[in-house]
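Below, chain A is the first sequence line, B the second, and so on; all start at residue 1.
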Amino acid sequence: MTLSRSVNDDGTPIRRFHPKPFLILSIVLASLFAIVAIYPLLRVVLGLFNVNGAWTAAPILHMFAVKGLWQMLVNTIVVVVVSSVLALVVGAVLAWLNERTNARMGTLTDSLPLITYLVPPLAGAIGWALLLSPSAGVLNVLLRGGDPSGSGPLNIFSWPGLVFVYTLYSVPYAFIAVSNGLRNTDTSLEEQSRVSGASLGRTLWSVTIPSIRPALGGAVLLMVTQALALYSVPVIIGTGANIPTLAVEIVNLLNFSYPPHTSEAIGLTLIMVVLVVVAWVAQSRILRSGRHGTLGGRGQRFEVTTLKGWLWPARAIFLLYGLFAVLLPVFALVIVTLEGFWSATINWSTLSVNWFLKALQDPTTTKALGNSMLLGVVGATVGIIIAAIVSVLVARNRTRLTGVVDGAIKLPSVVSHIVIGVGMILAFGGPPFMLGGTVAILLIAYLVVYLAQGSVTTDAAVAQVGNELAEASSVAGAGYGRTFFRVYLPLILPAMVAGWAFLFARMAGDLTVTAILGSPSNVTMGYLIMQIFHNGSYGQLAPIAIIITVVSSVVVIAVIAISNTWSRRHTRKRPIKAGREATATVAK
Amino acid sequence: MSGTATEAASPAEVSAGRAPIVQVKGLSKRFKRESGAITAAVDDISLEVAAGEFVVLLGPSGCGKTTLLRMLAGLEVPDGGSIAIRGRTVYDAAAKVSVPTERRSISMVFQSYALWPHMTVAQNIAYPLNRSGKRLGKAEIARQVERVLELVRIPDLAQQYPNQMSGGQQQRVALARALVSGSDLVLFDEPLSNVDAQVRERLRYELLDIQRELGFAAVYVTHDQSEAMGLANRIAVMGAGRIRQIASPRETYENPVSRYVANFVGVSNEEPGTVVSLDGDVATLHTATGELQGRVTGGAVAVGDEATLVWRPEHATVSVQEPTDARFRFPARVEALLFEGAHNEVVLDVGGRRARAWAHVTAALDAGSTVWVALNPAYARVLKD
Ligand SMILES: Nc1ncnc2c1ncn2[C@@H]1O[C@H](COP(=O)(O)OP(=O)(O)OP(=O)(O)O)[C@@H](O)[C@H]1O
Ligand SMILES: [Mg+2]
């Protein structure tokens, strides 16, 4: 055996190299990916001062010369800040109702965040345009008592309309973050407060909210970066309302002007970087100040507040949210699709699926759908596998290298996606890679942008597995690879499936990255929507939005259902860890 | 012994016989606390474990037992020193050798069992049999699993999943998994601390039976001294990252080398004083309660040194009348009387210090009364530190 050779005859030890093929593969893969994730960001920064190899301040000067710059900047800040604050309030209230009161309605309220998977913001934005455009909006006509002429009373193409739609699609981020925060907070603090006579309101204000401050901070950061990069809502609603914003302007400079104004676009991304940094600093301030909730073991039981008379008003908030975020916009999209064109009056007798089928048969649509599915499936699969490999690597191999790699992979998730898109063009669009306009550059960009969101799930799953199960495997003689495949993989598989569904929906329905990197040669659903929006009609837009909504819903729901059935059949295989170990893992 | 261990060892060493299984020299491990302070969790420890020997690492919480054990297993990388297992260096700071855990051919039982929840008991146990480079047939694996399940007395649980079993049964599975590969070195980190007292007692005896039968060497961490006494060939009493004494349970109890060891292993009473005369290893001390005598078992003392006389509760005779025939005696006040079944435990106030002694159940003692304590110098110990 090899071991007997680790000592020379005279008893002196000799160095031995123990090859671990899978460990080396993991490190190489993770490092490569980290480079791919960081390089475009470096190119953006470099691109601010260096054009075609010469040092210059041109991009920054050009940026200041952009027409209406300050108006755009103010618009962007106002819409992002106001919608984030509103979404934080709504999301936190919903999360609290769901976690701590009897307003919870099982899967129905738990699956609220799924809405972002199922209805992409762009479909929602189109739906709301169809519902509330001043003259022909379906809802407006109804509010006018069916009068097809005239206008109002509501107008989605306005400041309130814009903020409203932004808010709708930011709520899930706050809901998820605050739910996690509440789940990880020791309720004994709250119970203590109630026992000592404080009212529910005072307990909320002085105990619950301070203890979830980190979660709130995280939610704000996430919402701000997402909202800054959001392209679909401002292009559809904002353009109609004549409210120019940074994201739309950057895409216009790159994709809808000839020749592309790359240097101005890079200049504008600098502003985005600055805004994200401001949000970052604000968040770390929140994290640093004061006490926050302690992490307890899992499986805690929480005291549930009974809402008596407030029960149905509370549940109505959930239902209203579902109505606004999903039912109404999807209804409008379906109606317009079946009618084939957008008109103020619904002629129920002429509704037909023909228009829908016609849209499906269009070769461009087929090609776009094919590309989007391909990108979704390949991207989600590759992404979740890399995420799992990196999560395990970082947990098992805490060296400086793995720390840096992990940070590099996560960095893009807190940088506006528009910035990364621009970086991708600079990094891979030209020589030597020449990936501009290919499906490959979209795939790489999607991976860079969304991978960190997938690794949130795998990181949590790996942390739940803990150290000892892996150590027991090493003691039993298993190397890194065998430990990965026999111990980690089976235990984190359910989390990987959930992460896969999330990545799939994100990638298949992406509009933000596509808006920058898309072209007729790598047409996707997102690109198609953008083209129709600029050159076509709402009647053509609706079926495309429906297709993307239906396809991602079907795939996501199917995958999650299959995985749930599978894990129900294997419930006995759930980890048997006691709370004590969970805390021990956290303590380590 | 069969299995990996024998295969891994070279014939010369097997025939040499007495080569230690574990040889630790000058091993150290420092941790950096969050505050930035450095603690020496293991501080320059040397230790040898012979083949078939049962060594218990005993010490209070935080004294570095787990850290030492994990370094033996290769789960923690030391800062200095060397470790050899079966005569082969698996870690040497100076020579920069560090053999990873999976190549050390050892077994380990974890405090939390660490059973893989997605595998059946049989799959859990079979896992170490597929050590890389070793391919056993299905039938052979099944046979070995069955054999070891019988050994730990849960033959019909093979198809269960770990969370369908009681804590005691899970612990048996963890033990079976550690034994199945036939390794000649098994490490235990407080394996019995999560099961209730009765099961713990049973498992302890069974573990001892199995160890004597299979003959593996064991390094066993605990902070329960009765467990240590019952299992060990030798106990290593640890304190603040160092081994304070390593000896048989009897030796540790009867001849502790320091007050720390005397206090940690069993109950002890102390009388500080000054050495007034020395006759071989018998020292006479001048103490607050008078002249007392005992044997020196720790560091050497000289006349005039400060030292402490240490005595065990069962080595005193407590009586109401002054025992004039006993040379070393002193009065004490009874603070409390605890009935323990076979004897009474008397809590005493000896000139302001608290002491414990055993008294016959028939002795008529009352709380608050004054009694006489007589010490037999053959059992009392004089310790310098
Ligand atoms: N990963 C770590 N980081 C920092 N300090 C550590 C770490 N692991 C152990 N220590 C410190 O090293 C010292 C020894 O710890 P160790 O776990 O070996 O104690 P122990 O004797 O096993 O205690 P117990 O009986 O409570 O299990 C303790 O002071 C502990 O705080
Ligand atoms: Mg320990």
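- Here CE of B:M119 is found 8.0 Å from CG of A:L491. Values are rounded to the nearest 0.5 Å.
- Per-residue heavy-atom pair counts under 4.5 Å with chain A were compared for B:L187, B:T120, B:L75, and the maximum is reached by B:L75.
- Rounded to the nearest 0.5 angstrom, A:T483 OG1 and B:Y127 OH are separated by 4.5 Å.
- Between the CD atom in A:E468 and the CD atom in B:Q111 there is a gap of 7.5 Å [rounded to 0.5 Å].
- Summarising the geometry of A:A476 relative to B:W116, their closest heavy-atom pair is CB-CH2, 4.4 Å, with the distance given to 0.1 Å.
- Looking at B:R70 and A:E471, their side chains come closer than 4.5 Å, going by heavy atoms from C-beta outward.
- Around the CD atom of B:E146, the shell of radius 6.0 Å holds no more than 12 heavy atoms that belong to other residues, nucleotides or ligands.
- The two residues A:L469 and B:P117 make their nearest non-hydrogen contact at CD1-CD, 3.8 Å.
- Salt bridge B:E102/A:R482: absent, no basic N to carboxylate O contact under 4.0 Å.
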